[in-house]
Structures are given as C-alpha cells and as structure tokens.
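This report refers to the structure that appears directly beneath it.
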Amino acid sequence: MTKPFYEMHSNRKCEKNRENRRGCNIINLIKKTDSDTLNPFFYSKRGPTGPLSWYNYCMQNKINHVKYTKTHTARQLVLPLDYGISLKQDRLVCILDALLERMDYSALQHLYSVKGRNPKVPPKILFKVMVFAAAQGMYSLRSISEQCRVNIEYMWLLEGYPAPSHMTFGRFFHRLSAELLRDLFTQFIHQLSFLDSVDFTEWYIDGTKMEANANRYTFVWRKRVEKGIAKLREKRRQLQEQLLAFTGMDTFMLNDDELLRAAADVCQEARIPFVHGSGHRKTAEQKLFEQVAEVRDKQREYEAHLAVMGQRNSYSKTDPDATFMRMKEDHMRNGQLKPAYNLQLAVQSEYIIGLGLFPNPTDTRTFIPFLTALESNYGKLADHIVADAGYDSEENLDWVRSKGSTACIKPRNEDYQKSCRFKKYIGHRENMAYDADRDTYTCAKGRTLYFIKEKKQRSKTSGYERTIRIYQCENCHYCGKRKQCQPTRNGKTPKQDKTIQYNPYYESLLAKDSRFIHSEKGIQLRMNRSIQVEGAFGMVKGNYEYRRVRHKGTENVEKELLFMAFGFNIRKYQSRRANNRLQKHYLEKEKTHTVAC
C-alpha cells in the first residue's frame, strides 16, 4: 500500500536529520581523540588533513551524504567601457566598418516607416552585421544572432544596440530588395576604385553553376508536358465523339469548360444519381462526365507547368526558378541533372564587380544581358571584355564592337584548328583553295565548289539575323576522295554533292579578335582571366565551401550572392592591403631568357 505524500516527505526528512547527527557525532569523536596513532588524520577547521581525505574517511565510515560548501564572491568586471580599444585597426571588422561608412544609406533608411516606433536596431547596422557575417562564411541567421551576443567584434559593430534575434535579421533580409542591394554594391565598388586599381579598363567574365536549395527529384520536363498535352488532345477527341452520340450536337468546337457543361447537362436531363465506392456501378453518363473533368484538370495542370517554365526546358517544383543543369559535382556518377542557377561573375583586380543569375545552362546567351546590366549600373562598359570560348558567337562579338569596346574572346574551335586531325580533314573549307576573283573553292580532288545561294538565319530568342553563303561542288560522283571529304551518315554516303557554308561577317570579326588575343596585350589579359575570375570561383567554392545556395527564388538567391560578394571583396581588400598589392591591375607575364649552351 502506497504511503501518503506527507508521510514519505516526513520519513525523508528524518533520515536526513539522522545522517547529519551521525556526521556531527563523528566529528566530536575526532575532536576528543588525543592519540595520533588512533586517529589516522588530524582535524582542522578546513577539514581532515593527513594521509586520508574526506572522501576516504566517508567511504570507510559509510557516510554518503556530505555537503561541500564554497564561498562565492562576485567576479571583478574587467571589460573596458569601449571594447573597441582592444580591436586592432587591421582587423577585418575595422576595415569593413571603414569601407562601409563611405556609402550612402538614405535608400536603406526608407525600408522602415518614419511613423510609429523606431526599429530595435537601425538598418544600417543590420546591413553591416550581415556583411561581416558573410565575410566570415556565416549565413545562418541563428548563428549570426548568437555571435551578436558572444562575439566582441559583432558587439562593436552593433554600437551599443541590443543583439537582434534571428527573426529581426530575417525581416530585414526580406524587406531588402535586390535592386537596393545591387545599388549598395555598386556604391561599394566605386569606393574601392578610390582605394585600389578598379578603373573599369578590363572585365574578366566567366560563369559557374550553383546548386539550388531544391529537391533533386521534383523535376518537370518540357518534353514530358508536351507529350501529355498531345495525349490529352487525342483523348479529348474521343470524348467529343461520345458526347456527340449522347447529344447529337457538334462538340468539336467547344473548349474544355463547355464540354464539361454539356456533359453535366446530359447527366441532369437523364436524372442520373452519381454513385461512388464499391458495390455501385457507374453509368455511362457519369463516366463521361468524370473523364471530361479529368481532361480539363490535367490540361490546366500542363498549362500551369508551361507558364512557370517559360522558355526553359525544365524546372523544380520546390524552387520554380531553378533549372535542371548538368554539374561537375556528380554524386551519383551518372550525369544526373540537378536544379541550379547559372551564376555569372565579372572580376577586375581580383574583386567581384558584378554578378548575375540566369536559367541558361550555357554561357553564350548570358553574355549580352549580363554586360547590359553592368553597363546600366556603372554607366559605361569596360574597354576590354575578356572571356573564354564559351561566349564565342557572332551576336556577342558584334554587340561588343557596336559598343566601342574590344572583345578578347577565344574562338571555340581555335584548339581544334591547330590539331593534326583538322589539317588532315580535306572536307573543311579552310583546307580548300579559294579563288577571290571567281568566288569559288577548289577541293583536294581538283573539283570546283560554286556559290549557289545566300540565306538568312534569325535567332528565336534574341531575333539576331546572320547571313550564310552556301557553296556546292559541281559533281561529286565517281570521286576517289569522297569518303574522306563527305563522312558517311549511318553507314550511307550522302546522295547530294558536297556543300560548305561560310559567314563572311563572322569570319571578319573572328579575324580581328584573333589578332588581338595573340598580341602581347591579349596574351596578358587572357592569362589574368584564368587567374582572377577562375581564382574567384576557386575561393568561393573551394576555400569558402559555398557550393549550394540557402534561399529559394531568383531574387532571394541574388541577394544572398550579393552579400557573399560583399564579404569576398572585403576579405580580398584586406589581403591585398596586407601584402602590399594595392594599385596592381594584373599579374605581369614572366619573361623567360634563353641561355646558349
């Protein structure tokens, strides 16, 4: 039988008093003992001393409840009133504060209304704290809030304001628009131009793919949606024939809503009750109505997919702005596509001066929109635009020429033209003799290729128009070198004669670009492109381990990457300042000297 609570409490209290009395009796016994031989320790005010300690004594005498008391005194406050004194001026937080104080935050102040109570922490200070956290590779809002409570550098940035919570940082991030943050980044680059060699003489352009914060298996493919729409079209035709048999009216001109209304009228006129579940048999009219409703809902679903997709070929359901792309980080080792963003960077003097997000898997079509955005931000275009072969196209080269800048873009087939395979292939136009007076080409067999027509090609996305000249051989029959000149397709020799295509305007642009990239200035720019912009990607993805974005949606991801660029540039300025590399545009090519033997 369970005892009442008060009896149990009374028994515990008696046992506790009994143990305390036992301890007191032992101590009195120790005091009365005068012989050192009988007492293995000596009693003092601080406790027993000698070969045995309190622990051994209590264990020998089975005293398990011994209270140890410690005198607690208040700790002396040693933190200085201004703890910024302990921070050296070359610390990252001091450099960051000095750089960001040069900027204009009037637009940032308008994020909060002047009416009502003031925010807990001014937005300018919140912006500094988030930039400093990004410079340290910290993007978790809870971690930033924790650092504001325990880290002296964050406390110094707060200027005496209380540590904000993670919700305060979250509200500030969502109120901050991408356009406003882009304007602050432009101001920051202008301030760097007064301190370092950022003079917009050359821009190094390159792109990489950043994995989105989305599920890798929630994909929607354009081809799958288009096939589904084609199947719905056939199924809708069958339903229209069935509805024609019920109503006798022409239903082939009706849309899905009108078809559903007609099927509902058929069921209503026949007064058919709708049944569901096991043990019930549906009528033909009810089945027809449900099939029409299913077709209409599926059609709406496919149209919604196409509306979200736009001009893309895929998107992710968990992040509709992300597009599935092939990435280098292949965890399955099977070429699996992942939801990602195409991140474009513009770098000069090792600083990131601009970035852009695009859904294109390749870099060619991102070139003009990205440079247009940079031109609107800074008011001008750089004198030299340096990029790799992924940006080579007639449209891009013509656009740079129209802007008055010089393109330093490596042709996409330059390495192939230097190979022995290219020189041995007699079917290439470059390996044929050209007669400028007659405008003809002569193949390796000695037969002539005449100009037959000129055609126009228009880009579907940008509308750019290019002109192609087509040349055709007079007769390729009974040619002993036809297999080397015209490769077989599926094991069959082409029936038509040999034709070649030539774009004279594109070839003139390539010739001008080739002369510049092989000059001393062009070689220096191309060398620095591989060092600076590729080095920026290496620092971000390798050293900072920033390979996957944290937010969803193009605008939020762009804001996150802009904070990353702020932190990257501040750390880069600190490094260049410490190593005395300020006012250095690029690395000079080392001159090698040949020593005669």
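Quick caveat: nothing in here was measured; it's all calculated off a predicted structure. When reading the values below, keep in mind they use all heavy atoms of this one structure, side chains included, and skip hydrogens, waters and symmetry mates.
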* Verdict with reasoning, Asp392 to Glu414, per side chain to side chain contact (heavy atoms under 4.5 Å, CB included) -> CA-CA 11 Å; Asp392 177 30; Glu414 183 183 9; over 6 Å; no
* To do: Indicate yes or no: at least one non-hydrogen side-chain atom of Phe252 is less than 4.5 angstrom from one of Glu241.
  => yes
* To do: Fit a plane to each ring of Phe563 and Phe566, take the angle between them on a 0 to 90° scale, and name the class: parallel (under 30°), tilted (30 to 60°) or perpendicular (over 60°).
  => tilted
* Asked: Are any side-chain N or O atoms of Ser405 and backbone N or O atoms of Val400, one a donor and one an acceptor, separated by less than 3.5 Å?
  -> no
* **Arg421 atom CZ: more than 12 heavy-atom contacts under 6.0 Å** => no
* Under a 4.0 Å N-O cut-off, is there an ion pair linking Lys403 with Glu375? -> yes
* Evaluate the side-chain proximity of Thr554 to Val557: yes if any heavy-atom separation is below 4.5 Å, no if none is. => no
* Just checking, is any N or O donor in the side chain of Gln311 or Thr461 under 3.5 Å from an acceptor N or O on the other one? -> no
* Which of these, Asp388, Asp415, Asp513, sits in a side-chain hydrogen bond (donor to acceptor under 3.5 Å, both in side chains) with Lys410? -> Asp415
* Salt bridge check: are Glu258 and Arg261 linked by an N-O gap of less than 4.0 Å? -> no
* Under 3.5 Å donor-acceptor, Arg526 side chain and Cys408 backbone -> no
* Asked: Under 6.0 Å from the CD atom of Gln268, do we count more than 12 heavy atoms belonging to anything else shown?
  -> no
* Identify the heavy atoms of Ile352 and Ala565 that sit nearest to each other, and give their distance. => CG2-CB, 4.2 Å
* **Neighbour count above 12 (heavy atom, 6.0 Å) for Lys209 NZ** => yes
* Structure fact -> Rounding to 0.5 Å, atoms CG (Leu180) and CG (Leu111) come to a distance of 5.5 Å
Please set out all donor-acceptor pairs under 3.5 angstrom arising from side-chain atoms of residues 298-305, sequence neighbours excluded.
from, atom 1, to, atom 2, distance (Å)
Lys298, NZ, Glu301, OE1, 3.4
Gln299, OE1, Arg236, NH2, 3.2
Gln299, NE2, Glu303, OE2, 3.2
Arg300, NH2, Asp257, OD1, 3.1
His305, ND1, Tyr315, OH, 2.7

* Are side-chain heavy atoms of Val129 and Cys148 found at a separation under 4.5 Å? -> yes
* Where Ile500 and Arg429 come nearest, the two heavy atoms and their spacing -> CD1-CG, 3.8 Å
* **Closest heavy-atom pair and its distance - His110, Ser106** => CD2-O, 3.1 Å
* Is there side-chain contact between Glu226 and Arg222, with at least one heavy-atom pair below 4.5 Å? -> yes
* Say you draw a straight line from NE2 of His384 to CH2 of Trp203; how long is it, rounded to the nearest 0.5 Å? -> 13.5 Å
* For the residue pair Glu430 and Gln417, what are the closest heavy atoms and their distance? -> OE2-NE2, 4.2 Å
* **Ser459 side-chain N/O to Tyr464 backbone N/O, donor-acceptor pair under 3.5 Å** => no
* Asked: Any donor-acceptor pair under 3.5 Å linking the side chain of Gln501 with the backbone of Ile468?
  -> no
* Asked: Is there a side-chain contact between Tyr505 and Arg466 (heavy atoms, below 4.5 Å)?
  -> no
* To do: Starting from the C-alpha separation in whole Å, work towards a yes-or-no answer on side chain to side chain contact (heavy atoms under 4.5 Å, CB included) for Phe173 and Met130.
  => CA-CA 9 Å; Phe173 182 83; Met130 294 193 69; 4.1 Å; yes
* Polar side-chain atom of Arg469 near backbone of Glu454 as donor-acceptor pair, under 3.5 Å -> no
* Chi angles and distances behind the side chain to side chain contact (heavy atoms under 4.5 Å, CB included) call for Ile189, Asn377 -> CA-CA 11 Å; Ile189 297 300; Asn377 290 338; over 6 Å; no
* Asked: Can you list the steps and then say if Ser316 with Thr218 is a side-chain hydrogen bond (donor to acceptor under 3.5 Å, both in side chains)?
  -> CA-CA 5 Å; Ser316 175; Thr218 58; 3.1 Å; yes
* Asked: Are the side chain of Asn342 and the backbone of Thr362 linked by a donor-acceptor contact shorter than 3.5 Å?
  -> yes
* With under 30° as parallel and over 60° as perpendicular, where do the rings of Phe274 and His276 fit, or are they tilted in between? -> perpendicular
* So Gln147 and Phe132, side chain to side chain contact (heavy atoms under 4.5 Å, CB included) or not? Walk me through it. -> CA-CA 11 Å; Gln147 290 296 316; Phe132 181 60; over 6 Å; no
* Count the heavy atoms of every other residue, nucleotide or ligand shown that sit under 6.0 Å from CD of Glu465, and state whether that count exceeds 12. => yes
* To do: Verify side-chain hydrogen bond (donor to acceptor under 3.5 Å, both in side chains) between Gln187 and Asp183, making sure each step is shown before the conclusion.
  => CA-CA 6 Å; Gln187 293 185 43; Asp183 178 67; 3.2 Å; yes
* Asked: What heavy-atom pair brings Phe367 and Ile409 nearest, and what distance separates the two atoms?
  -> CZ-CD1, 4.1 Å
* Asked: How about Asn213 and His551: do any of their side-chain heavy atoms sit closer than 4.5 Å?
  -> no
* Under the 3.5 angstrom rule, does the side chain of Arg312 hit a backbone N or O of Ala322 as a donor-acceptor pair? -> yes
* **Residue among Ile385, Thr366, Val347 satisfying side-chain contact (heavy atoms from CB on, under 4.5 Å) with Ile205** => Ile385
* Closest approach of Tyr139 and Ala134, non-hydrogen atoms and distance? -> OH-O, 3.8 Å
* Parallel, tilted or perpendicular for Tyr416 and Phe422, by the 30°/60° rule? -> perpendicular
* Does Arg550 offer a backbone N or O that forms a donor-acceptor pair with the side chain of Glu560 under 3.5 Å? -> yes
* Between Arg216 and Glu211, is the closest basic N to carboxylate O distance under 4.0 Å? -> yes
* Would you say Asn556 and Lys559 make side-chain contact, with heavy atoms under 4.5 Å? -> yes
* Are the side chain of Lys120 and the backbone of Thr168 linked by a donor-acceptor contact shorter than 3.5 Å? -> no
* Asked: Does CZ belonging to Arg548 count more than 12 external heavy atoms closer than 6.0 Å?
  -> yes
* Contacts of Arg182 that satisfy salt bridge (charged side-chain N to carboxylate O under 4.0 Å, His left out) - sequence neighbours left out -> Glu558
* Asked: Can you find a pair of side-chain heavy atoms, one from Cys267 and one from Thr283, that are under 4.5 Å apart?
  -> no
* Asked: Residues in ring pair (Phe, Tyr, Trp, His ring centres under 6.0 Å) with Tyr351, at least two apart?
  -> none
* Test: Arg149 and Glu146 ion pair at under 4.0 Å -> yes
* Asked: Considering residues, nucleotides and ligands other than Arg365, do more than 12 of their heavy atoms fall under 6.0 Å from its CZ?
  -> no
* To do: Without swapping roles, check the side chain of Gln286 against the backbone of Val275 for a donor-acceptor pair under 3.5 Å.
  => yes
* Residue pair Tyr546, Phe568: steps toward the ring-ring contact (aromatic ring centres under 6.0 Å, His included) verdict -> CA-CA 11 Å; Tyr546 190 86; Phe568 178 88; over 10 Å; no
